[in-house]
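First comes the structure, then the notes that go with it.
Chain identifiers are assigned alphabetically (A, B, ...) following the order of the sequence lines, protein sequences preceding nucleic acid strands; residue numbering begins at 1 within each chain.
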2 protein chains.
Amino acid sequence: MDETEKLQTHRRGSGVSTVYETLRNEIIELKLPPGSPIDEQQLSDRFALSRTPIREALVRLAAEGLITTLTNRATIVSNIDFLGLPEFFDALTLMYRVTTRLAAANHAESDIAAILVQQKAFETAVTNRDVLGMISTNRDFHIAIAQAGRNRYYVELFTRLLDEGRRILRLYYSSFNDVLPRQYVGEHEEMIRAIVERDVTLADKLASAHADQIVGQIRSYITADSRQNTKLAL
Amino acid sequence: MDETEKLQTHRRGSGVSTVYETLRNEIIELKLPPGSPIDEQQLSDRFALSRTPIREALVRLAAEGLITTLTNRATIVSNIDFLGLPEFFDALTLMYRVTTRLAAANHAESDIAAILVQQKAFETAVTNRDVLGMISTNRDFHIAIAQAGRNRYYVELFTRLLDEGRRILRLYYSSFNDVLPRQYVGEHEEMIRAIVERDVTLADKLASAHADQIVGQIRSYITADSRQNTKLAL
DNA sequence: TGCCGACTTCTTGTCGACAAGAAAAATACA
DNA sequence: TGTATTTTTCTTGTCGACAAGAAGTCGGCA
């Protein structure tokens with residue numbers, strides 16, 4: 001494991017953010033899978049910080065729901081709540097629609113540039129068949145759209161939802177094929193066009209369809225996976 | 001000021017939540033107005049706790065955006081962002097609609113009972129002309145509806161929005177008259193009926209109108225207030 | 001051999017103290 | 001007298017140590 005962070009001496013106040021962001025990434029990328037125990041002492045050693053700033057980072061992660069603290073006992077990476085998946089899909093779909101609508105309505109020139117950058121990144125990830133890259137650049141693309149919509153409440157919720165989605169997708173990413181992503185590139189391009197032309201209705205419609213695609217795909221992964229499990233159980 | 005909390009000895013782990021909730025309430029009720037400095041030492045004395053648990057509570061509040069920490073300098077109660085008000089209204093309206101829709105679709109029997117309790121509380125606040133009570137019971141009423149909708153993402157965002165709304169309303173509550181609240185009681189009753197009858201479309205429509213009412217009212221407060229300011233400036 | 005209770009150990013929660021950084025105050029200089 | 005610079009002071013950020021609580025361990029007893 002990479003332990004370079006051990007050596008650097010942090011300047012006052014920077015350590016907490018570093019720990020927070022590092023752990024956040026590791027949780028979302030399933031480097032720390034759900035249920036993993038989070039040991040404060042261990043992190044303290046790893047980042048060469050006392051437990052106090054570590055603790056602060058953990059409190060932040062807990063506030064976001066990424067980790068769960070069993071009082072006086074242990075703190076673990078939060079499980080993916082499969083029972084709550086319908087809620088998740090509902091909220092995700094709504095955010096796809098709302099942010100794309102708002103982007104069509106409120107975007108400035110510079111926003112389009114930012115969106116195009118992310119779309120390019122997504123495209124290269126697709127051509128390189130870099131599945132993990134697809135997942136994260138897809139997220140960045142939609143967050144760029146959300147930011148163009150100029151509503152921080154939606155941006156915040158959408159970010160959380162997309163990151164939760166990244167965790168779920170990672171679980172199933174082996175079954176990710178390169179047929180649908182290719183289709184996503186086209187859909188993304190259509191969405192950009194609708195946004196540029198400020199066609200709110202079309203943007204909404206495309207976002208809605210796009211969301212359905214993704215939700216459908218995740219659903220199929222899950223059902224396919226559970227089928228495999230039942231096969232093993234026999 | 002009430003200093004009773006000073007004496008009790010807290011059992012392990014309970015102190016943080018107490019501090020968090022107490023401060024949260026005081027911020028939302030403008031007992032701690034925007035810009036108020038938050039002194040850790042002072043809070044430490046007040047709650048008879050060391051600075052560590054106080055700090056933990058503050059981190060949580062900061063994550064929610066209720067307080068702002070100027071690094072190495074000071075931490076203050078977050079200002080109300082009047083420039084971001086349009087975003088706020090947009091998100092608030094959407095959440096009013098979505099939660100009411102979902103309540104109509106997903107509610108169970110017990111949810112209705114909970115909603116009716118809150119509606120009763122709101123009604124008594126209105127008849128008692130208890131303006132502060134109206135503001136908070138109105139919030140509780142809509143959160144009860146959101147909970148009946150069974151989507152924790154919406155519940156969470158909506159709660160944050162309604163609480164931010166409480167702060168804004170407190171600022172202007174002197175101009176709160178008892179004509180519109182009476183109307184709100186009726187609108188609430190209509191919404192409950194639509195939810196009970198599982199009429200999603202009607203629920204949406206009513207929630208939308210209700211949101212417009214409230215947004216309009218807040219807007220009128222603000223413009224009325226700014227008019228007064230310009231008058232003084234002449 | 002199986003179950004119940006005291007004990008040990010390990011992790012979290014809390015504390016008091018120290019260090020660093022920034023604003024305010026005091027001082028020196030033009 | 002006004003400005004730049006140093007010093008002081010105050011608040012936050014970090015630390016190491018201690019205390020409490022819970023799980024696991026070990027031993028005793030039926």
Output yes when a side-chain donor or acceptor of A:Asn106 lies under 3.5 Å from a complementary backbone atom of A:Arg150, and no otherwise. no
Can you list the residues that meet the side chain to side chain contact (heavy atoms under 4.5 Å, CB included) rule with A:Asp39, with sequence neighbours excluded? A:Gln41, A:Gln42
Please state how far atom CD in B:Gln41 lies from atom P in D:dT9, giving the value in whole angstrom units. 17 Å
Using whole Å, what does the distance between atom P of nucleotide D:dT12 and atom CD1 of B:Ile76 come to? 12 Å
Return the 5'-most residue of the pair A:Thr71, B:Ala74 with respect to DNA chain D, ranking by each residue's nearest nucleotide. B:Ala74
Under a 4.5 Å cut-off applied to non-hydrogen side-chain atoms, are B:Leu102 and B:Gln147 in contact? no
Measuring from the side chain of B:Arg51 (C-beta onward, heavy atoms only), which nucleotide among C:dC15, C:dC18, D:dG16 has the closest atom? C:dC18
Mind checking A:Ile38 for me? I need base, sugar-phosphate or nothing, with any heavy atom below 4.0 Å counting as a touch. sugar-phosphate
Please confirm whether the shortest side-chain N or O distance from B:Thr52 to OP1 or OP2 of C:dT14 is below 4.0 Å. no
Between atom CZ of A:Arg97 and atom OG1 of A:Thr93, what is the distance when rounded to the nearest 0.5 Å? 9.0 Å
Using whole Å, what does the distance between atom P of nucleotide D:dG16 and atom CG of A:Leu49 come to? 10 Å
Residues forming a side chain to side chain contact (heavy atoms under 4.5 Å, CB included) with A:Leu132, sequence neighbours excluded: A:Asp130, A:Arg170, A:Tyr173
How is B:Glu56 classified with respect to the nucleic acid when contacts are heavy atoms under 4.0 Å: base, sugar-phosphate, or nothing? nothing
Below 3.5 Å between N/O atoms, which protein atoms pair up with nucleotides 23-25 of chain C? Just atom names and distances, please.
| from | atom 1 | to | atom 2 | distance (Å) |
| --- | --- | --- | --- | --- |
| C:dA23 | OP1 | B:Arg73 | NE | 3.2 |
| C:dA23 | OP1 | B:Arg73 | NH1 | 3.3 |

Restricting to salt bridge (Lys or Arg N to Asp or Glu O under 4.0 Å), what partner residues turn up for A:Glu164, sequence neighbours left out? A:Arg167
Which residue lies more 5' along DNA chain C, comparing A:Arg12 with B:Ser14 via nearest heavy atoms: B:Ser14
Please report, rounded to the nearest Å, how far the P atom of D:dA19 is from the CG atom of A:Asn72. 16 Å
Just to verify, what does B:His107 make a ring-ring contact (aromatic ring centres under 6.0 Å, His included) with, not counting sequence neighbours? none
Whole-Å distance separating the CZ atom of B:Arg11 from the P atom of D:dA22: 12 Å
Contacts of B:Val16 that satisfy side chain to side chain contact (heavy atoms under 4.5 Å, CB included) - sequence neighbours left out: B:Pro53, B:Glu56, B:Ala57, B:Arg60
Heavy atoms within less than 4.0 Å of DNA chain C: which residues of residues 58-70 of chain A have one? Give them sorted by number. none
Results of salt bridge (Lys or Arg N to Asp or Glu O under 4.0 Å) for A:Glu40 - residues two or more places apart only: A:Arg51, A:Arg55
Gap between atoms CD and C1', on A:Gln42 and C:dT12 respectively (whole Å): 15 Å
Excluding sequence neighbours, so at least two apart, what forms ring-ring contact (aromatic ring centres under 6.0 Å, His included) with A:Phe141? A:His188
To the nearest Å, give me how far apart CZ (A:Phe47) and P (D:dT14) are. 14 Å
Checking all strands, does A:Glu40 fall into the base, sugar-phosphate, or nothing category for heavy-atom contacts under 4.0 angstrom? sugar-phosphate
To the side chain of A:Asp39, which of D:dT14, C:dT11, C:dT14 is closest? C:dT11
